Structure formats: C-alpha cells, structure tokens
J.: 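Quick one: structure below, then a few questions.
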Amino acid sequence: MIHSRNGTSTALRREVIRFAAAVTVIASMVGVSHPLTAAAGSVKWSTVPSPNATTTQANHLNGVACTSTSFCIAAGYYVSSSGYDQTLIEEWNGTSWSIVSSANTSATQNNSLAGVTCLTAADCWAVGSYIPSVAKTLVEEWNGTSWTIVSSPNPTTTQANHLNGVTCVSATDCWAVGSYGTGSTDQTLVEEWNGTSWSIASSPDTGSTQWNQLNAVTCVTSSDCWAAGTGADSSGYDQTLVEQWNGTAWSIVTSPDMSSTESETLTSVTCATSASCWAVGYYQYGTPNQTLSEEWNGTAWSIVATPDTSNLVNNELSGVSCSGTTFCMATGYVVDANGYDQTLVEEWNGTIWNFVSSQNSLYLQTNVLSSVSCTSTSFCMSTGYYTSAGSYSPTLIEEYGLFCTGGNLSLTMPSSASFPGVTLNGTTQTSTLPISFTVDDETGTAAGWNLSISSTTFTNAGSKSLSTSASTVTG
C-alpha cells in the first residue's frame, strides 16, 4: 500500500508525519529550488506580481519612480472595454503592487501616461497626453491621497502635444519634456512647474523644419538639468539630442553619434552627480537596432560600449537609473532566436556595462521593460508589459533585490525499528510499529511535494515469507 501526500510551501517549513506500520518503509521526495525574498543573499532580478485593470485588453506601464524600498509609483495606460486608452497607476508598498485610482479627462477620450517622478511618498507627478481631437498634454499630481489632473499648456491647438518625461528638484521646481507638432514636423516641448502652475519654457531645436523630440529629463540641482531625445540633422537622419538647463536657459550640448547616416535615439537620462550622467537608447545598425549609451563626465558626452546579444536582431535600451557613479541599471528588450521580444537588463559597474540576467513572464511571448528606478545598489524596480493570448497584454514588473536561493527537500527517519514481540497462539495477531520521520521543505517554491511509502515482504531465517497482504501501511 502506498501513502501519498501533497502540500504547498510558501515559507520555510518543517513537518513531522507519523505512520502506524507493520512493515519497514522507504520514502522518496522530489522538489525544485527557487529564490525567496530574504534579508540577505545574492542580488538578482525577479518578477513581482502586478495587477491589471483589464484581463482582455492591453495594460502597459511606461514609467516608474521609487523613493525607497517601500514606495514606488508606476504609470502607464490600459485599454478600456470601450476601446479607449485610460490612465493606469500602480503603487508599491514594500510588499505588493496595487492599482491606485487615477484621473482621466473622459472615459471616451484616450488618456495615457508616459513618465512619472516622486519627491516623497506624498508628492509625485505623472505626465503624458490625452486626445479629444488632437493630442494635448496631460499632467497629474499625487498628494499622498489621490491623483488629480493639473492644468498644463499646449503650444498648438491644431497639432499633437505630448509630454514624455518629468522630474522634480523640489515641490516648487519641476520639469516636463516632450514634443509638439508644427504641421510639417515635431519640435521640442519643455514645461516648468513653479509651485503654482505649469508654463512653457523656451527650448532649442536642431532646425525649425527638422524632427526634434525630448524623451526624458533629470535634474541634479535647480540650475543643472539634462533632457535627452532625438533631433534630425540636415540630411534628415535622427541623431542624438541632449539639452542642458543652466538655471537660466536650455541649450543644446554636443552629443556623439555612432554614424551620421544611421538613425539614433536617446530614450532615458539620469545623473548621479553633476559630473556623472548617463543617457541610453539605441542606434540603427544596418536594419536591426543596437543598444547605445553615452556618459557625461562633467565636460563632454562620450559613447560607452554596451553589449548586444547579436547585431542581427533588435537590442534597445529604454530606461536607465543610477545609484552612485559605480552602479547603474539600464533596461529594455532584445529579440530572441524565436523572434520574440525578451527583457534586456545591463549593469554599469564603474568600468563596463555587462548583461544581467532578467526574467520573462511567458516563453514565446513578447516581454518588454520600459523604465527603471534604483534607490540603492540593492534595490531597483523595472516596469513594462508582456503579451498573452489575443490582444491581452498584462503589466510586467521586475524587482532587483536581495534574494536567497531556496534549499532542498530532505527526509530524516530512524535507521532501524523493531516490532513488539507477540506470542503465537494459533490466531491471527497484529503487531503495530509507529515510525516518526521529518520532512524538511526549504525550497520556498510553493510547488508542493510528494511522500511515498512502501513495504517489503517479511521473510524469516528459514526463507519462509508472509503473503504480500499480511503487511499494511496506514497514516
């Protein structure tokens, strides 16, 4: 007779099982090791469960900002049952992610958030756009209790206006960047918050007839800010565009390009100090895009090599965050051998950029990381999305933190056991032997385990055997 037990382990657990048996036992267990969040151990990326506003349409998280290990905000959009984009904001409380109610201009207008920043857990901003007829800027503020729409200006009422990134130096000093349409091209858009209202600030372009767009912004101080994006050259090729705020005006600062005849884009920018900033993105290498990173050393921007899985497939970086001059994380996506986008993470160690292992929610599906925020060398969050069946795209969030590798399943049992003696009297008698053994499950997988017990046939010294039905196992 075989006794089988299935269990679920969500924490380190020890269980003692007692069986009454008339036989010897043999036990076996199987299990798989898995990382558990812990106070110490190795630092790695791991997928964190995140909610979705819809289970039939797209859910995308485009930006993330963390102030500590117990507070992060992620912002993006989801597609409603009516087919309209609506704002999506989620909050991390140190344990789990939850959806926070966010504002929309209308349930029958597209509303989308592209970037987010937080000074404290009670002071955050998210920016994007909404579309009544043509796209207009959308700005929302978090006061620690609720998200509300704050009025923001638009350079044009007949062409598209978009805000892609936002940052704050203080509660009375914030910047948002993006682009607006002129009818024939796009031009840079920069807006400033002075503690009372948002206003448009003058920003330069590579040319009035050339495409210009700012994707991200960061500030070291109130007189030292950087914005990064794309500006087309006179030949029409998209080239890297970097602009600096010196406390008085925005100006274009020379940034290098991999080629003057290939398109290049900077998607994110961050600074550890006034003499240590990074901008990342991608450039076109023939047909596929390849990763691109540039470093500011206090004097000039220079290209720093980043690894690519292959120059035959797309490799793109869409977010970067630094915690000091010797630790940065850049996230994005790469196309795998099966043609699917998979998460891409690279780490700066103060000398070079290296690949870092990251997870994907589903195999043979698209997995994209859009942004990243790091508060220390042992804590980062990266957000994005992955694809599921049909048009359903769930949110994707990964955490970089301290994890310990789960242990093993083990079994401890007596080396021998003796049945109580009986006196033969011509009748059928039963001798019962309780045997205790301990199952130690330290995998932390929540996968459960199985325990099997079987008996052998009793044989005496004269090679006489009891029937197989003479012994039973109960428990």
Side-chain angles (χ1 to χ4, degrees), residues 33-35 41-48 61 64 66 216 228 258 264-270 272 276-295 302-386 396-405:
S33 294
H34 191 73
S42 60
V43 187
K44 61 183 68 177
W45 285 96
S46 182
T47 302
V48 180
L61 294 174
V64 63
C66 298
M258 296 294 292
E264 311 193 21
T265 297
L266 294 174
T267 56
S268 183
V269 63
T270 189
S276 178
C277 299
W278 287 94
V280 301
Y282 56 90
Y283 71 97
Q284 193 175 53
Y285 180 81
T287 300
N289 293 331
Q290 302 285 270
T291 58
L292 173 64
S293 77
E294 301 195 4
E295 181 184 15
S302 60
I303 294 175
V304 178
T306 49
D308 294 288
T309 59
S310 167
N311 60 11
L312 300 178
V313 296
N314 280 345
N315 292 252
E316 295 187 11
L317 296 174
S318 53
V320 64
S321 181
C322 296
S323 180
T325 59
T326 60
F327 178 83
C328 300
M329 284 287 183
T331 61
Y333 80 94
V334 60
V335 177
D336 67 10
N338 297 301
Y340 292 97
D341 297 347
Q342 299 285 271
T343 59
L344 172 64
V345 178
E346 300 187 9
E347 179 184 356
W348 172 255
N349 62 10
T351 305
I352 60 172
W353 287 95
N354 291 306
F355 287 124
V356 179
S357 178
S358 58
Q359 294 188 336
N360 292 279
S361 292
L362 287 176
Y363 181 63
L364 295 180
Q365 298 286 351
T366 292
N367 290 257
V368 174
L369 294 175
S370 303
S371 60
V372 63
S373 178
C374 298
T375 62
S376 70
T377 59
S378 59
F379 180 78
C380 303
M381 283 286 184
S382 185
T383 62
Y385 67 93
Y386 69 98
L396 174 62
I397 300 182
E398 298 197 13
E399 177 188 358
Y400 182 75
L402 291 168
F403 293 85
C404 65
T405 302

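For reference, positions follow the sequence shown, starting with 1. Bear in mind the structure is a predicted one, so any value in this text is a computation, not a measurement.
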J.: Specify the closest pair of heavy atoms between Ser376 and Ser323, including all atoms of both residues, with the distance to one decimal.
T.: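 That would be CA-OG, 3.1 Å.
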J.: Looking only at heavy atoms, what is the nearest atom pair of Val304 and Trp348, with distance?
T.: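 For Val304 versus Trp348, the nearest heavy atoms are CG1-CZ3, 3.9 Å.
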J.: List in chain and number order the residues that pass side-chain contact (heavy atoms from CB on, under 4.5 Å) with Thr270, two or more places apart in sequence or in another chain; answer none if no residue qualifies.
T.: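 Thr270 satisfies side-chain contact (heavy atoms from CB on, under 4.5 Å) with Trp278, Val320, Cys322 only.
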J.: So, for Ser318 and Ser268, which heavy atoms are closest and what is the spacing to 0.1 Å?
T.: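 Residues Ser318 and Ser268, closest heavy atoms: O-CB, 3.7 Å.
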J.: When you look at Met329 and Ser382, which way does the side chain to side chain contact (heavy atoms under 4.5 Å, CB included) test go after all the steps?
T.: CA-CA 9 Å; Met329 284 287 183; Ser382 185; over 6 Å; no
J.: Using side-chain contact (heavy atoms from CB on, under 4.5 Å) as the criterion, list what pairs up with Asn338, not counting sequence neighbours.
T.: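 Expected list: Asp336, Tyr340, Tyr363, Leu364.
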J.: Could you walk me through whether Tyr283 and Gln290 pass the side-chain hydrogen bond (donor to acceptor under 3.5 Å, both in side chains) test, one step at a time?
T.: CA-CA 5 Å; Tyr283 71 97; Gln290 302 285 270; 5.1 Å; no
J.: Has Tyr285 got more than 12 heavy atoms of other residues, nucleotides or ligands less than 6.0 Å from its OH?
T.: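 No, not enclosed.
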J.: Who passes side-chain contact (heavy atoms from CB on, under 4.5 Å) against Thr383, sequence neighbours left out?
T.: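 By the side-chain contact (heavy atoms from CB on, under 4.5 Å) rule, Thr383 matches Leu61, Val64, Ala74, Ser371, Ile397.
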J.: Does a side-chain heavy-atom distance below 4.5 Å link Trp353 with Cys328?
T.: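 Yes - at least one pair of side-chain heavy atoms lies under 4.5 Å apart.
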J.: What's the spacing between Ile303 CD1 and Glu294 CD if we round to 0.5 Å?
T.: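 The CD atom of Glu294 is 5.0 Å from CD1 of Ile303, to the nearest 0.5 Å.
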J.: For Leu396 versus Ser361, what's the shortest heavy-atom pair and its separation?
T.: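 Result for this residue pair: CD1-OG, 3.1 Å.
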J.: Rounded to the nearest 0.5 Å, what separates atom CG in Asn314 from atom OH in Tyr333?
T.: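 Asn314 CG to Tyr333 OH: 4.0 Å, rounded to 0.5 Å.
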J.: What distance separates Phe355 CZ from Thr309 OG1, expressed to the nearest 0.5 Å?
T.: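 Phe355 CZ to Thr309 OG1: 5.5 Å, rounded to 0.5 Å.
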J.: Is it true that Cys380 and Cys374 have SG atoms closer together than 2.5 Å?
T.: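 Cysteines Cys374 and Cys380 qualify as a disulfide pair, their SG atoms being under 2.5 Å apart.
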J.: Say whether, by atom type as modelled, one donor and one acceptor occur between the side chain of Thr325 and the main chain of Ala272 under 3.5 angstrom.
T.: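 A pair under 3.5 Å: no.
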J.: Might you work through the side chain to side chain contact (heavy atoms under 4.5 Å, CB included) test for Val280 and Thr291, ending with a clear yes or no?
T.: CA-CA 8 Å; Val280 301; Thr291 58; over 6 Å; no
J.: What is the distance from atom CG of Asn311 to atom OG1 of Thr287, rounded to the nearest 0.5 Å?
T.: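 These two atoms lie 11.0 Å from each other.
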J.: For a quick test of reading the model, state the closest non-hydrogen atom pair linking Asn349 to Thr351 and the distance between them.
T.: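 Smallest heavy-atom distance, with atoms named: OD1-N, 2.8 Å.
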J.: Report the distance from atom NZ of Lys44 to atom CD of Glu399, rounding to the nearest 0.5 Å.
T.: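 Lys44 NZ to Glu399 CD: 12.5 Å, rounded to 0.5 Å.
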J.: Measure the shortest side-chain to side-chain distance between Tyr282 and Thr265 over non-hydrogen atoms and say whether it is less than 4.5 angstrom.
T.: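 The answer is yes; the side chains approach within 4.5 Å.
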J.: How about Glu346 and Pro307: do any of their side-chain heavy atoms sit closer than 4.5 Å?
T.: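 SC-SC contact between Glu346 and Pro307 confirmed.
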J.: Distance-only, no hydrogens or angles: does the Ser373 side chain make a donor-acceptor pair with backbone N or O of Met381 under 3.5 Å?
T.: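 It does not hold such a pair.
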J.: Going from CG on Leu369 to CG on Asn360, what distance comes out if it is rounded to the nearest 0.5 angstrom?
T.: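 Spacing of CG (Leu369) from CG (Asn360) equals 8.0 Å.
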J.: Given Leu292, which partner from the list Asp308, Thr306, Leu266, Asn315 fulfils the side-chain contact (heavy atoms from CB on, under 4.5 Å) test?
T.: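 Checked Asp308, Thr306, Leu266, Asn315 against Leu292; only one passes side-chain contact (heavy atoms from CB on, under 4.5 Å): Leu266.
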J.: Check whether Glu398 reaches the backbone of Gln359 with its side chain - one donor and one acceptor, N or O, closer than 3.5 Å.
T.: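 Flag set: sc Glu398 to bb Gln359 pair under 3.5 Å.
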